[in-house]
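I have placed the structure first, in the form of structure tokens, so that the comments after it can refer back to it.
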Amino acid sequence: MFSTLFSIYSRKSLKALIRKSVTLLEFYTNERLINHGNALHCHLIKMGLSSQKYIAVKLLIMYLDSRKSFEIDQMLKEFNGFNLVVQNCLITANLQWGNVIDACRLFDEMPERNEVSWTSLISGLLKHGNVNEAMVYFERNPFSNVFTWTATINGLVQNRLSFQAMRLCKKMLQSGVLPNDITFTTIIRACVELSDLGLGKSVLCLIVKAGFENNVCVSNSLVTLFLRLGEIDSARKTFDRMEEKDVVSWTTILDMYVEMGDLREARRMFDEMPERNEVTWSAIIARFSQSGNAEEAVKLFQQMVRHSFKPNVSCYSSVIRALATLEALQAGMNIHAHILKIGMEINVFVGSSLIDLYCKCGNTKDGRLVFDEIPEKNVVCWNSMVSGYGFNAQLEKATELFNQIPHKNNISWNSLIAGHLGIENFNEALQVFDEMILSGEQPNKSTFSSILKTCASLASLERGKYAHTKALKLGFQHDIFVGTALVDMYAKSGSIESSRKIFKRMPTKNEVVWTAMIQGLSENGFAEESLRLFEEMEKKSSIAPNELILLSVLFACSHCGLVDKGLSYFNSMEKVYGIRPNERHYTSVVDMLSRSGRLFEAEEFIKSMPLEPEANAWAALLSGCKTFGNETLAGRVAEKLSGIVETKPGGYVLLSNIYASEGRWEDVMSTRNLMNQKGIKKSGGCSWIELRNQVHLFYSQDETHTQSNEIYWVLQLFNSEIQSHLT
DNA sequence: TTAGGGTTAG
């Protein structure tokens, strides 16, 4: 492993060996590869180099960073007392561990302090959010140089206090301290944070005046500034004008294409880049993974390894995310094993992706093991586990864990709501939403998307309207997810006019919202309008019809009696739209033919089907037979249907309903008995009413409502009242 | 003291 080290050593170039060791130790610390760090430490001891000043400091930092107390003590002994450098390291470590008071005490007790001590303390305090304390020390700092100024300005930017950062920068210029390239990159970031293009341009003037316009870092920051503020042309021009470009410049511009949604161009650029490093690989893998292109992300990861690049933490978390999307459990487990083998600490990013992977593959137990192993969990880890339980219908565990989250955010709430929605616990989903509002947590677009879906499932117009008002107040009405959910909710709740209005006002329309509107119109009896909208979509948008849209189109044709039009759409499904019809499309055609009395054709159509027909297809034909009085065919179809129900439990319900509609009560009873014998449970008929913002559900033969007794008592009272009026 | 990349919900 350390062959390069030895070869350098054999050349007796001690300086190079020290430099290389320092670089390696820094890498192992940053990447949390403590096993590797330990191994290197052993080699350095053998070579008698572990006490060398620069190396010892890096070793100490590595152990402090990973909180290895035994090794820390050993290292402190090596130093033979506490010098300034060690003290500075200890202050930084204490700040990292959140021991602000200890860090300040150590600093205050130091007999002498250099400018590094001051800068470390101030920037460390800022890094960990202790802005006020940092500013007190900043005022006391006797060293007024560009390092301290820049570190403090940077700390303020990191704390999202960019306005204060810019004010401090002005003070620095007034005090006569000249900014350097790092100061400029820092204040450009502040401009990005403030979304202030004008300010950015003023900074650009300063950069030119100070002669930093050809500095690679500064130029890279400018490219990012223009990109983030939507000035794509300026970003590209700045990039093209750069005399010297490095791997960061290329990675930044690569990201530009991804953000513009042009993954192909991004890929082309990536393939042609003169230089790549692990961050470039990490960026492209992450971007493909985020854009839902998981397979490509995994391929890129394999390619990266083949090119002998060492994947870093970011790469691992991105590729695991991609594998979770693909539900590739085995591959994910291999990567997990590999990470453990190389001794990479499971940090929050890798940990959260791993939890997600295991849970998406149905293995919440292993997900939980990973969760329990993460030493310092952040809210994302908690949310991943809550949503993992929710995804696997383990709502009790999800709720239990949710209640333990130390600092919840809106995604925590959304995860629990989504869990309830997933198992159709609609009332609970609404209840969690109410609690979320009461807790003061701000719902976001995802919250509304889920809640509106819940309202749509309950056909609860009142709750839906309430959610709509809240979404309007927060300005989410133009969001595509919220808009789609609103169109669907109003359509499902029977308020199709509201759906129409929202659909019309939506600035951008995607496939899903077109589907919702076409389906909504079709299902609300506006068949002709639905077909007109479908034709409009074909003409005016670039959206290709999908399975669901075509099903709605067939449904609409069936309900307007446009049989030939419907048949022509059905026949063009595969040829024109490239969609293979499924059972539901076939059933829709059978329904269409049966409703118009083309019974023989319908029967022939079923016989010619390449797929096993749904019981519903036969039922549709049977219903046609009854409408048009074709008893011979009805007999044949009923026989067929009773044959099908043997294999498909859903068919029993259908059959018993058909018997019931014909008044054949004995047959109904025998079908029901058969169902009981076979242990088939029919999902009970369910009705509901909405009272004072609460939806009350009632199931047939199942008195689970909490006030069931009272309700039945009142019902009986009404019945006797009615009876007394009748007699 | 600095520029580019990472995890969760819809």
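The sequence lines fix the lettering, A, B, ..., with proteins before strands; numbering per chain opens at 1. Worth saying up front: this structure is predicted, and the values here are computed from it rather than measured.
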Restricting to pairs with a member in residues 346-368 of chain A, which pass ring-ring contact (aromatic ring centres under 6.0 Å, His included), not counting sequence neighbours?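 Output for this query lists A/H336-A/Y358.
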Looking only at N and O atoms, is any donor in the side chain of A/N410 or the base of B/dA9 less than 3.5 Å from an acceptor on the other one?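 There is none.
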Report the distance from atom [atom1] of [X] to atom [atom2] of [N], rounded to the nearest whole Å.
X	N	atom1	atom2	value
A/K408	B/dA9	NZ	C1'	16 Å
A/E511	B/dG10	CD	P	18 Å
A/H128	B/dT1	NE2	P	12 Å
A/I320	B/dT8	CD1	P	11 Å
A/F147	B/dT1	CZ	C1'	8 Å
A/I374	B/dT8	CD1	P	12 Å
A/M436	B/dG10	CE	P	13 Å
A/N444	B/dT8	CG	C1'	12 Å

Check: residues 153-160 of chain A side-chain donor-acceptor pairs under 3.5 Å, at least two apart:
| from | atom 1 | to | atom 2 | distance (Å) |
| --- | --- | --- | --- | --- |
| A/N159 | ND2 | A/L126 | O | 2.7 |
| A/N159 | ND2 | A/G155 | O | 2.9 |
| A/R160 | NH1 | A/E193 | OE2 | 3.3 |

Measure from the side chain of A/D479, starting at C-beta and using heavy atoms only, and say which of B/dT1, B/dG10, B/dA9 lies closest. B/dG10
What does A/N409 touch in the nucleic acid at a heavy-atom separation under 4.0 angstrom: a base, only the sugar-phosphate, or nothing? nothing
Any salt bridge (Lys or Arg N to Asp or Glu O under 4.0 Å) involving residues 400-415 of chain A? Give me the pairs, sequence neighbours left out, ordered by first then second residue.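 Every candidate salt bridge (Lys or Arg N to Asp or Glu O under 4.0 Å) pair involving residues 400-415 of chain A fails, so no pair, neighbours aside, qualifies.
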Contacts satisfying salt bridge (Lys or Arg N to Asp or Glu O under 4.0 Å) that involve residues 218-230 of chain A (not counting sequence neighbours) are A/R228-A/E259
Across nucleotides 2-7 of chain B, 5' to 3', mark each nucleotide with B, S or - according to how protein heavy atoms within less than 4.0 Å reach it. BBBBBB
Answer with yes or no whether the side chains of A/S353 and A/D356 bring together a donor and an acceptor at under 3.5 Å. no
Would you tabulate the side-chain donor-acceptor contacts of residues 473-482 of chain A under 3.5 Å, counting partners in other chains and residues two or more places apart, or write 'none'?
| from | atom 1 | to | atom 2 | distance (Å) |
| --- | --- | --- | --- | --- |
| A/D479 | OD2 | A/F481 | N | 3.0 |
| A/D479 | OD2 | A/V482 | N | 3.0 |

Under 4.5 Å between any side-chain heavy atoms of A/F433 and A/P443, yes or no? yes
